[in-house]
Amino acid sequence: MDLEMEGAKAIVTGATRGIGNRIAEKLLEAGADLAFCARDAEAVAECEKAWGARGFHVKGAAVDVGDADAYRAWLAEAAHWLGGCDAFVHNVSGGGGAGGDAKWRANFEVDLMGAVRGLEALEDHLAKDGGSVLFVSSTAGLETYPFVQPYNVMKAGLIVYAKQISQVLGKKGVRVNCISPGATTFPGGNWEKHKVNYPDYYEATVAEIPFGRLGTAEEVADAGVFLLSKRASWITGVNLIVDGGQTRRVSL
């Protein structure tokens, strides 16, 4: 399927590992130019070098999305370098875990405000030629979860924000969607750690998925890039669950 992404101008946060990394690479492979960020400067340099060596037009930057001023400045620089923005992916997260007020504020700033500030900065660019937006949420925001943590709450808020802002931006021709991955494994990800540190929990999770395995970052990225593409031109305001049937609720 031709995703009609040739020449698109894409901006992705948290693109050096996991799902964000796979989305970024698939956008490049589909013909998009890419500006991306992550906090780890060494990982950013490695990705930029690897993708550049393949002939892709790509520029990375070490940015903490939780630093509002630095994030806004990078978004402006990224759009200027690309000459606009047709696709924006807010993937980065403050991550799971507890930690009191500081952890709640960290997840709020990164998971939720990273999306809000991203759209505030890029809305005019996205509106020029029918742009699209993808927020990476989680099934942890949809169902009860064994670990009570701010990550779950912020991911749920992200879905609400996406649905409501999609009604506003749709009038400008901009589509806004979410994907909610279930248990997804990739090198260095949480599920590799869970397999070692919480083997009973890991095995119970695998057992509850009809396919008897976890998902991959590749599988989630395929769904995400489709939603970003012109081939999904009549889809906005949805939250696409990508979990191999792990969740059991009936979505009507």
Side-chain angles (χ1 to χ4, degrees), residues 1 3 12-15 17-27 89-97 107 110-112 114-115 132-163 166 175-229 231-232 235-252:
M1 177 186 293
L3 295 173
V12 180
T13 67
R17 60 192 293 269
I19 293 168
N21 177 268
R22 299 306 303 134
I23 290 173
E25 188 160 288
K26 285 180 179 293
L27 286 169
V89 181
H90 175 56
N91 164 75
V92 72
S93 171
N107 277 100
V110 176
D111 292 71
L112 191 55
S132 60
V133 177
L134 181 71
F135 297 153
V136 179
S137 185
S138 170
T139 55
L142 304 175
E143 293 195 328
T144 56
Y145 200 68
F147 307 111
V148 179
Q149 52 189 0
Y151 173 86
N152 309 349
V153 177
M154 299 308 160
K155 289 299 189 184
L158 194 57
I159 296 168
V160 175
Y161 174 61
K163 180 64 178 180
S166 74
R175 298 180 298 107
V176 184
N177 294 298
C178 285
I179 51 172
S180 286
T184 304
T185 187
F186 54 83
N190 286 336
W191 283 98
E192 280 197 343
K193 299 172 185 174
H194 293 342
K195 188 174 184 178
V196 174
N197 298 326
Y198 308 103
D200 292 345
Y201 171 58
Y202 178 88
E203 294 300 333
T205 300
V206 171
E208 72 182 7
I209 300 172
F211 293 93
R213 66 171 177 84
L214 304 187
T216 68
E218 190 89 10
E219 290 170 316
V220 176
D222 281 337
V225 172
F226 170 73
L227 287 176
L228 285 165
S229 77
R231 305 309 292 267
I235 302 175
T236 192
V238 306
N239 173 42
L240 179 61
I241 299 171
V242 188
D243 69 346
Q246 182 181 3
T247 53
R248 290 175 168 75
R249 66 177 189 159
V250 177
S251 299
L252 300 174

Between Arg249 and Ile241, is a side chain to side chain contact (heavy atoms under 4.5 Å, CB included) present by the stated rule, with each step listed?
CA-CA 11 Å; Arg249 66 177 189 159; Ile241 299 171; 3.5 Å; yes
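- In this structure, Leu134 and Ile23 have side chains that are in contact, with non-hydrogen atoms separated by less than 4.5 Å.
- Counting non-hydrogen atoms of neighbouring residues, nucleotides and ligands closer than 6.0 angstrom, the OH atom of Tyr145 exceeds 12 such neighbours.
- Taking a cutoff of 4.0 Å between a charged side-chain nitrogen and a carboxylate oxygen, Glu192 and Arg17 do not qualify as a salt bridge.
- How far OG of Ser137 is from CG of Leu240: 11.5 Å, rounded to the nearest 0.5 Å.
- Atom OG of Ser180 is separated from atom CG of Asp243 by 9.0 Å, given to the nearest 0.5 angstrom.
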I'd like to know whether Ser93 forms a side chain to side chain contact (heavy atoms under 4.5 Å, CB included) with Lys155, so could you lay out the CA-CA distance, the side-chain angles of the two residues, the decisive distance to 0.1 Å, and finally the verdict.
CA-CA 9 Å; Ser93 171; Lys155 289 299 189 184; 4.0 Å; yes
Could you go through Val220 and Val136, starting from their C-alpha distance and side-chain angles, then the distance that decides it, and tell me whether this counts as side chain to side chain contact (heavy atoms under 4.5 Å, CB included)?
CA-CA 10 Å; Val220 176; Val136 179; 5.7 Å; no
Side-chain atoms of residues 201-209: list all donor-acceptor pairs with protein atoms under 3.5 Å, sequence neighbours left out, distances to 0.1 Å.
residue	atom	partner	partner atom	Å
Thr205	OG1	Tyr201	O	2.9
Glu208	OE2	Gln246	NE2	3.2

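- Closest approach of Ser138 to Tyr151, counting heavy atoms only: CB-OH, 3.5 Å.
- Of the possible polar contacts, one joining the Arg175 side chain to the Ile235 backbone as a donor-acceptor pair under 3.5 Å is found.
- Between the Thr236 side chain and the Val176 main chain, a donor and an acceptor come within less than 3.5 Å of each other.
- Minimum heavy-atom separation, Pro199 to Asn197: CD-C, 3.4 Å.
- Here the side chain of His90 pairs a donor or acceptor atom with the backbone of Val110 at under 3.5 angstrom.
- Going from atom NZ of Lys163 over to atom CG of Leu158 covers 14.5 Å, rounded to the nearest 0.5 Å.
- Interatomic distance, OG1 of Thr184 versus CD1 of Ile19, reported as 4.5 Å (0.5 Å rounding).
- Looking at Asn21, its side chain does come within 3.5 Å of a backbone N or O of Ala15 through a donor-acceptor pair.
- No side-chain donor-acceptor contact under 3.5 Å links Asn177 to the backbone of Val133.
- Taking a cutoff of 4.0 Å between a charged side-chain nitrogen and a carboxylate oxygen, Glu25 and Arg22 qualify as a salt bridge.
- Closest heavy-atom contact between Thr13 and Asn91: OG1-N, 3.0 Å.
- The number of heavy atoms from other shown groups lying within 6.0 Å of CZ (Phe211) does not exceed 12.
- Annotation: the span from Phe135 atom CZ to Asp111 atom CG amounts to 12.0 Å, rounded to 0.5 Å.
- To the nearest 0.5 angstrom, Lys26 atom NZ is 9.5 Å from Leu3 atom CG.
- Counting all heavy atoms, side chain and backbone alike, Gly245 lies closest to Pro210 at O-CD, 3.5 Å.
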